[in-house]
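Everything quoted here is computed from the prediction, not taken from an experiment. Below, chains carry the letters A, B, ... as their sequence lines are ordered, and counting in each starts from 1.
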Amino acid sequence: MIAWFADAGRDLPWRSPGASAWSILVSEVMLQQTPVVRVLPRWLDWMDRWPAPADLASAPTAEVLRAWDRLGYPRRALRLQQCARAIVDEHDGEVPRGEEALRALPGIGEYTAAAVTAFAHHDRAVVLDTNVRRVLARTMAGAALPPRSLTVAERRTATQVLPEEPERSVAWNQAVMELGALVCTAGAPRCEQCPLAGPACAWYSAGRPPAAEGSRRVQAFAGTDRQLRGQIMALLRTQDRATEQALLELDPGDEQRVQRCRASLVADGLAVPDGAGLRLP
DNA sequence: AAGTCGGGGAT
DNA sequence: ATCCCAGACTT
């Protein structure tokens, strides 16, 4: 796996030897539910503009939200700035070491704390993202896809296969994630390119049986509050403010929905009232 | 354990 | 149209 990564791994800027712990943390937050190709340009601009936690901490929040652009889930941008402020206030401006201290930061959950521990501090940590879960589900459990939510069995397996030696554990984490992203993909896995194709993979050995028919039942997007909230945020990013008229035009048929979304954005701190309209905080 | 929260490219 | 993406947080 580690040899495969050395040969096939992507050359991403947050993996360069000169990348700071903060820049790696920023990349991990941006990559939460957002593909690499879309994060790349935003991350480059972001790090050029706010290279250290103190820079982001003192930036106008409206500019932070604009720089976040269309990465999605803009609450992540808000939390990232809160994270920067917490690092400045509580950790002397340095990304803290240790999963417990990292998890106490806004927007840093189990996965990101482990990823920063491994990739920024080069300490041993059980990194379990969607890619690792899928690779382990196939190779170890013989299943086409991992369970819907993270289970204790998955944590146990991931801990079991993680190399003891810290440097190797970091390389392993990086390699398994990359394998899941490039080869052991959700849709059409490229088993012919996989170093684990064969006895090393239970799913491959079993003839790649299809996933059980579990209705994933993901929330639809068109017509939801999520979509309208996104449209409102897009409006606020490009124009300085949005009038009530402009907001209502986003969904002329449902004023209730517009008002509901407007109120929820204010409640989330993503927008502030501006007369009857809205503006960025 | 289930819901909510963006957005875009692939299928 | 549906799926999927280096998840976090609330209920």
Side-chain angles (χ1 to χ4, degrees), chain A residues 5 9-10 12-15 19 23-43 65 68-80 82-83 102-120 125-136 144-152 154 158 170 173-182 184-190 211 213-237 260-261 264-265 267-271:
Chain A
F5 178 78
R10 290 168 292 183
L12 300 171
W14 46 84
R15 287 177 179 165
S23 76
I24 292 170
L25 187 154
V26 171
S27 79
E28 292 298 344
V29 171
M30 288 185 173
L31 287 163
Q32 290 166 2
Q33 296 286 281
T34 305
V36 167
V37 284
R38 221 168 345 138
V39 165
L40 242 153
R42 295 297 104 238
W43 182 87
L65 289 170
W68 192 258
D69 197 38
R70 293 173 295 181
L71 288 179
Y73 298 132
R75 291 191 292 195
R76 288 184 294 165
L78 236 41
R79 292 189 186 126
L80 188 54
Q82 293 164 0
C83 177
L102 287 164
R103 283 214 55 167
L105 297 170
I108 309 297
E110 177 179 343
Y111 161 75
T112 307
V116 170
T117 296
F119 306 137
V126 177
V127 175
L128 261 178
D129 77 324
T130 184
N131 292 308
V132 176
R133 293 184 64 207
R134 188 171 52 249
V135 172
L136 294 183
L145 294 174
R148 190 184 300 261
S149 53
L150 189 58
T151 64
V152 292
E154 288 183 271
V170 172
N173 281 323
Q174 197 71 267
V176 177
M177 283 183 66
E178 193 76 339
L179 188 78
L182 299 181
C184 195
T185 55
R190 303 165 175 83
E213 284 299 332
S215 62
R216 294 258 145 177
R217 197 175 28 167
V218 285
Q219 182 189 25
F221 185 58
T224 59
D225 284 4
R226 241 161 81 189
Q227 184 187 37
L228 183 55
R229 281 169 55 109
Q231 291 173 346
I232 293 174
M233 289 303 292
L235 209 55
L236 297 180
R237 282 196 305 270
R260 184 171 67 241
C261 290
S264 73
L265 288 173
D268 288 345
L270 288 165

Discussion item. Can you measure A:D69 atom CG to B:dG7 atom P for me and round it to whole angstrom units?
Written reply: 10 Å

Response to the item:
Nearest heavy-atom contact between A:A211 and A:A144 is N-CB, 3.6 Å

Practice prompt. Could you give the distance separating B:dG6 and C:dC4 at their C1' atoms, to the nearest angstrom?
Written response: 13 Å

Item to complete: Please state how far atom CG in A:L150 lies from atom P in C:dA6, giving the value in whole angstrom units.
Response: 16 Å

Worksheet item: Roughly how many Å is it from CG in A:L145 to P in C:dC4, rounded to a whole number?
Response: 7 Å

Worksheet entry | 5' precedence on DNA chain B between A:S149 and A:R237 (nearest-nucleotide basis) | A:S149

Discussion item. Taking the minimum atom-to-atom distance to the side chain of A:R76, which one of C:dG7, B:dG6, C:dA6 wins?
Written reply: B:dG6

Worksheet item: Is A:L40 close to A:L12 at the side-chain level, that is, under 4.5 Å between some pair of heavy atoms?
Response: yes

Discussion item. Minimum heavy-atom separation for A:L71 and A:V39, please, with both atom names.
Written reply: CD2-CA, 4.1 Å

Item to complete: Nearest whole angstrom, please: distance from the P of C:dA8 to the CE of A:M30.
Response: 16 Å

Discussion item. Give me the atom names and distance for the closest heavy-atom approach of A:R134 to A:C184.
Written reply: NE-O, 2.7 Å

Worksheet item: Heavy atoms under 4.0 Å, any strand shown: does A:A115 hit a base, just sugar-phosphate, or nothing?
Response: nothing

Worksheet item: Would you say A:Y111 and A:L128 make side-chain contact, with heavy atoms under 4.5 Å?
Response: no

Practice prompt. Specify the closest pair of heavy atoms between A:Y73 and A:W68, including all atoms of both residues, with the distance to one decimal.
Written response: O-NE1, 3.9 Å

Practice prompt. Give, ordered by number, those residues of residues 32-43 of chain A having at least one heavy-atom distance below 4.0 Å to an atom of DNA chain C; if nothing qualifies, reply none.
Written response: A:Q32, A:Q33, A:P35

Item to complete: Figure out the CZ/C1' separation between A:R70 and C:dC5, and round it to whole Å.
Response: 17 Å

Discussion item. Can you tell me if A:R229 touches the phosphate of B:dG6, counting only side-chain N or O atoms and a distance under 4.0 Å to OP1 or OP2?
Written reply: yes

Worksheet item: More 5' along DNA chain C: A:A113 or A:T185, using each one's nearest nucleotide?
Response: A:T185

Item to complete: Would you name the heavy atoms of A:P13 and A:A19 that are closest together and state the gap between them?
Response: O-CB, 4.0 Å

Worksheet entry | Spacing of A:L78 atom CG relative to B:dC5 atom P, expressed in whole Å | 15 Å

Worksheet item: Which heavy atom of A:P146 sits nearest a heavy atom of A:E154, and at what distance?
Response: CB-OE2, 3.8 Å

Worksheet entry | Pairwise C1' distance for B:dT11 and C:dA6, with rounding to whole Å | 22 Å

Worksheet item: Can you list the residues that meet the side-chain contact (heavy atoms from CB on, under 4.5 Å) rule with A:L265, with sequence neighbours excluded?
Response: A:R229, A:I232, A:M233, A:L270, A:A271

Worksheet item: Hey, does A:W68 reach any base, or is it just sugar-phosphate, or nothing, if we go heavy atoms under 4.0 Å?
Response: nothing

Worksheet item: What integer distance in Å separates A:L182:CG from C:dC4:C1'?
Response: 15 Å

Polar atom pairs (N or O), protein with nucleotides 9-11 of chain C, under 3.5 Å:
unit_1: C:dC9; atom_1: OP1; unit_2: A:G107; atom_2: N; d: 2.6

Discussion item. Let's see if you can work this out: which of B:dG6, C:dA6, C:dC5 has an atom nearest to the side-chain heavy atoms of A:P74?
Written reply: B:dG6

Worksheet item: Which part of the nucleic acid, if any, lies within reach of A:R134 when heavy atoms closer than 4.0 Å are counted: base, sugar-phosphate only, or nothing?
Response: sugar-phosphate

Worksheet item: Can you tell me if the side-chain N/O atoms of A:T130 get under 4.0 Å from OP1 or OP2 in C:dC5?
Response: yes

Discussion item. Strictly distance-based, threshold 3.5 Å: is any side-chain N or O of A:R76 a donor or acceptor partner for the main-chain N or O of A:Q32?
Written reply: yes

Response to the item:
Closest to the side chain of A:D129, out of B:dC5, C:dA6, C:dC4, is C:dA6

Fill in: Integer-rounded Å distance: C:dC5 P and A:E178 CD
14 Å

